[in-house]
S.K.: 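Sharing a structure here in structure tokens format.
In each ligand, atom 1 is the first atom listed, and ligand 1 is the first ligand listed.
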Amino acid sequence: MANIGGELADGVERDGQLVGPIAFKDAVDVEATPVRPPTEHSAVVSALPARLSNGQQLRCYQGFWVFESWAQGVVAMHRGGLVPRAGDVLLASLPKSGTTWLKALAFATMARRACPPASADHPLRRLNPHDCVPLLERPFATGRDALLDELPSPRLMCTHMPLSLLPATMVDGNSNTKIIYICRDQKDRLISLWHFLKRNGLEDLSLQEVYESICDGTCFAGPVWDHMLGYWRVSKTDPSRLLFLKYEEILQDPANTVRKLAQFVRQPFSDTEEEASIVAEIVKLCSLENLRSQTANRAGIQGMFIKFSHDSYFRKGVAGDWRNHMTREMGERLDSIIRGKLCGSGLTI
Ligand code: PAP
């Protein structure tokens, strides 16, 4: 069997067969997993600063705002609740930065030998991308984190948490975990978030409220600049461990991102794969149009405490939509806050 690109990624081969990540929903039985709520952290959480932001009760843990319903699980995860494995790949983002797209692209790329992107029964043709790649905080919040141990290698997982709240074993210098971060223009992210929350039960939420929560750093997973900077700095000091992507760059050249991503997880495309247009097939499979048209993405919901409809993850998928909703002054004020916070880091968005 070929050793693709010279070096075979950890966890890619099992019993002589090339394998990829298995869709979360196919690999585990959520209902059958024993529940062990992380109640040992209730005293820690009840002592944390609290506030209501964009219709959600939040707590501030170690400088970041997290859903109160997730807070005990976040503490449990942070304090070492997840045992990393060789071959783990973790996707990270602030919500509405392109997470769903990145999940699809990374899953399709890593799983391409076990599930060719053109195959009719590809998991992304029958499951929502969030059912293929688990968000770490959810099983931790519900005490079902044992599910993550059940996932076969190579594990592909996701988080909205900042780097500083991940288990130290996943992020310290000796960790084998590869992290792919995606960020997006905060003005477009804000508009996307506003539409998403309105679509999922907060019909009366004002744009101004969401806007102010991003400007003053109190939105979920914020302050957004600290979230981005935590990942950005590691991508600069250790680029083999952290790949930093921008939504707008993927929009411009998705094929280039797929190649970059494959290279990063040490599964570069072979000449044979290039000749067979596998990259283009992955891009097509993961396009907004294709994903939106799948039955699994037109119906159904996602989430444990908070429920989000599958179709609400697919809206316009463009850069610059903020101009249709915000004044130029609002845009300039937010840009200037973000620029000031990122100043000197080398990161521009
Ligand atoms: P999440 O963090 O809650 O998972 P996320 O996927 O980051 O959400 O955000 C959804 C945004 O990604 C939407 O942007 P919009 O509101 O500005 O339109 C959605 O349209 C966009 N999106 C989802 N899938 C794709 C895709 N395949 N290609 C491009 N953009 C996408």
S.K.: Quick one: sort the Tyr313 and Phe308 rings into parallel, tilted or perpendicular, breaks at 30° and 60°.
M.R.: perpendicular

S.K.: Can a donor-acceptor pair be found between the side chains of Ser153 and Arg85 at a distance below 3.5 Å?
M.R.: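 The criterion, which ignores hydrogens and geometry beyond distance, is satisfied for Arg85 and Ser153.
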
S.K.: If you look only at pairs with a residue in residues 330-342, which of them pass as a salt bridge (charged side-chain N to carboxylate O under 4.0 Å, His left out), with sequence neighbours excluded?
M.R.: Lys187-Asp335, Glu212-Arg333, Arg328-Glu332

S.K.: Do any pairs count as a salt bridge (charged side-chain N to carboxylate O under 4.0 Å, His left out) and have a residue in residues 198-208, sequence neighbours left out, and if so which ones?
M.R.: Arg199-Asp311

S.K.: Under the rule for side chain to side chain donor-acceptor pair (under 3.5 Å), what residues qualify as partners of Gln186, not counting sequence neighbours?
M.R.: Arg189

S.K.: Could you pull out every protein residue that has a heavy atom closer than 4.0 Å to ligand 1, ordered by chain and then number?
M.R.: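 If the criterion is a heavy atom under 4.0 Å, then ligand 1 touches Pro95, Lys96, Ser97, Gly98, Thr99, Thr100, Trp101, His130, His160, Arg184, Ser192, Tyr247, Cys286, Ser287, Leu288, Leu291, Tyr313, Phe314, Arg315, Lys316, Gly317.
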
S.K.: Between Phe67 and Trp70, what is the ring plane arrangement, given parallel below 30°, perpendicular above 60°, and tilted in between?
M.R.: perpendicular

